[in-house]
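Notes follow once the structure below has been shown.
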Amino acid sequence: MDIIELNRHKEQDLLDATGVTFVHFSDIHARKDLWDRIVTYINRYADRIDFALHTGDYCGGSQRQYADLYMGIPCKRPIYNCVGNHDCYAGRGAWLLTEKEIPHRLLFNHTENWDATFFDCDHSMSYYIDRGELRLIVLDDYYHTWQTRPWLRALLRDAFEKGLHVITAQHEPTGYISDSFGVPFQTLDDYNAKFRQYELKRTTYDYDHRCRVLYEDVIEEFIAYGGRYVCNLAGHDHVDQLGLTARGVLNVAVQNATSWDALGDTARVAGTQSEDCFNVMSVDTAKGEFRLLRIGADTDRYGRTKGLLVFDYVRQRVIKKQ
């Protein structure tokens with residue numbers, strides 16, 4: 001069924017949004033049909049949507065399951081990409097990172113209309129975009145991470161001096177959620193236990209941020225000296241997450257855009273609203289607020305509905321949830 005009609009009842013919430021508005025989706029896992037449906041939605045509301053961001057796992061299970069999704073329905077707005085752990089795996093043997101050139105070639109071959117500034121390194125997959133008073137910084141969680149940290153620190157200091165509000169984005173959340181504000185955009189499942197049980201069936205590997213130094217401490221520094229931090233956008237876990245980590249970093253992770261639901265908390269059925277899953281996010285820097293509007297799968301097995309959330313990121317409080 002048409003994605004526009006399935007989500008027509010949420011149209012007014014999109015039309016009422018103010019500020020920079022974009023689609024956030026993640027973990028498409030080479031599903032061209034679902035990518036095209038998201039593009040169809042963006043094109044329908046292109047006068048309201050500025051861009052889209054996909055936060056990793058563009059490939060299927062590995063680089064062996066690859067589709068050049070950008071070659072599907074042309075999108076009227078840029079779709080920014082981000083490298084995920086499955087994008088770095090060759091698909092044979094141990095879960096080891098391939099040469100960086102490979103995921104770069106697979107994911108960053110359509111950047112002509114991005115107007116992004118990339119970190120200066122070989123096959124760079126970290127970059128930033130400024131939109132008005134909002135700076136979006138997209139981070140590579142897997143390659144050149146130690147070199148990326150000082151680059152990020154300098155970008156954040158520059159944003160502070162210019163009075164810009166900052167969103168970071170990467171494939172993995174910066175840490176575990178310790179305060180979810182009681183919103184339905186935070187899963188009630190014990191995802192970590194479920195994931196560990198699932199992984200026992202597979203070759204042991206760990207690309208997970210909880211065992212590696214990435215960027216959370218650098219973001220924490222920015223917040224501590226008064227930086228205007230909106231949140232970190234992520235995917236990876238195939239469930240929705242929203243809340244503060246122990247270090248005080250607000251994360252917003254979106255449920256997977258692919259319809260595989262083995263790790264999720266929502267049944268995903270083709271031909272129904274649950275087939276699709278992404279957020280339309282609006283950031284109003286004048287108000288210090290963001291809005292999350294769920295398009296597609298918006299219920300969980302506990303009967304909760306993820307409709308519209310309005311959040312004050314300056315005072316870190318929920319304004320509205322429905």
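Computed from a predicted model, the values in this text were never measured in an experiment.
Counting heavy atoms from C-beta on, the side chains of R64 and R92 come closer than 4.5 Å. With contacts defined as side-chain heavy-atom distances shorter than 4.5 Å, the pair T245/E216 qualifies. Residues K320 and R291 are not in side-chain contact: their nearest non-hydrogen atoms beyond the backbone lie 4.5 Å or more apart. Side-chain atoms of V280 and D13, non-hydrogen and from C-beta on, never get closer than 4.5 Å to each other. Within the 4.5 Å cutoff, the side chain of L156 has heavy atoms near those of the I137 side chain. P103 places a side-chain heavy atom less than 4.5 Å from the side chain of T98. Looking at I4 and Y45, their side chains come closer than 4.5 Å, going by heavy atoms from C-beta outward. Between Q147 and F119, some side-chain heavy-atom pair lies under the 4.5 Å cut-off.
Of the candidates D265, T187, D189, T266, D189 is the only one forming a side chain to side chain donor-acceptor pair (under 3.5 Å) with R301. The salt bridge (Lys or Arg N to Asp or Glu O under 4.0 Å) test with D276 is passed by exactly one of K10, R31, R37: R37.
Side chains of D27 and T258: a donor-acceptor N/O pair is absent below 3.5 angstrom, by distance only. Under 3.5 Å, the side chains of S180 and Q186 contain no donor-acceptor pair of N or O atoms. Using modelled atom types, one finds a donor on one side chain and an acceptor on the other under 3.5 Å when comparing T272 with S274. Side chain to side chain, T174 and N251 meet the donor-acceptor criterion of an N or O pair below 3.5 Å. D298 and T305 share no side-chain donor-acceptor pair at under 3.5 Å.
Residue E11 qualifies as enclosed at atom CD: its count of foreign heavy atoms under 6.0 Å is above 12. Within 6.0 Å of CG in D115 there are 12 or fewer heavy atoms belonging to other residues, nucleotides or ligands. Atom CG of D120 is surrounded by 12 or fewer heavy atoms from other residues, nucleotides or ligands within 6.0 Å.
Ring pair Y225/F160: centre-to-centre distance below 6.0 Å. For W114 and F51, the distance between ring centers is not under 6.0 angstrom. Taking the centre of each ring, W151 and H144 stay at or above the 6.0 Å mark. A ring-centre distance under 6.0 Å is found for F311 and F181.
The CZ atom of F22 sits 11.5 Å away from atom CD1 of I42, with the distance rounded to the nearest 0.5 Å. Rounded to the nearest 0.5 Å, atoms CD (E172) and CG (N85) are 6.0 Å apart.
Transitive grouping of hydrophobic side chains (ILVMFWY, heavy atoms separated by less than 4.5 Å) brings L293 and L250 into a common cluster.
Classification of the F25-W35 ring pair by plane angle, with boundaries at 30° and 60°, yields perpendicular. Using the six-membered ring where Trp is involved, H29 and H238 have ring planes that are tilted, between 30° and 60° apart. Ring geometry, Y142 versus H171: the interplanar angle falls from 30° to 60°, so the pair is classed tilted. Using a 30° and 60° split on the angle between ring planes, H165 and Y313 fall in the perpendicular class, above 60°.
Without hydrogens or angle criteria, N43 side chain to P74 main chain gives a donor-acceptor distance under 3.5 Å. A distance-only check finds no donor-acceptor pair linking the side chain of Y302 to the backbone of R304 [under 3.5 Å].
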- Query: Hey, mind stepping through D312 and Q316 against side chain to side chain donor-acceptor pair (under 3.5 Å) and telling me if it holds?
  - Reply: CA-CA 5 Å; D312 180 338; Q316 294 190 335; over 6 Å; no
- Starting from the C-alpha separation in whole Å, work towards a yes-or-no answer on side chain to side chain contact (heavy atoms under 4.5 Å, CB included) for F278 and Y41. CA-CA 11 Å; F278 56 92; Y41 185 90; 3.8 Å; yes
- Task: Walk me through it: do Q255 and C277 pass the test side chain to side chain contact (heavy atoms under 4.5 Å, CB included)?
- Result: CA-CA 7 Å; Q255 188 181 152; C277 188; 3.7 Å; yes
- CA sep, side-chain torsions, deciding dist, call: H54, N81, side chain to side chain donor-acceptor pair (under 3.5 Å): CA-CA 5 Å; H54 176 256; N81 214 343; 2.9 Å; yes
- Query: When you look at D68 and H110, which way does the side chain to side chain donor-acceptor pair (under 3.5 Å) test go after all the steps?
  - Reply: CA-CA 10 Å; D68 190 346; H110 298 283; 3.0 Å; yes
- Kindly determine whether R153 and E221 satisfy salt bridge (Lys or Arg N to Asp or Glu O under 4.0 Å), including the steps that lead there. CA-CA 9 Å; R153 183 174 281 112; E221 291 172 12; 2.9 Å; yes
- Query: Are D240 and K306 close enough, and set up right, to give a salt bridge (Lys or Arg N to Asp or Glu O under 4.0 Å), and what steps lead you there?
  - Reply: CA-CA 10 Å; D240 286 300; K306 292 164 274 194; 2.8 Å; yes
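When all heavy atoms of P173 and G235 are compared, the closest pair comes out as CD-O, 3.8 Å.
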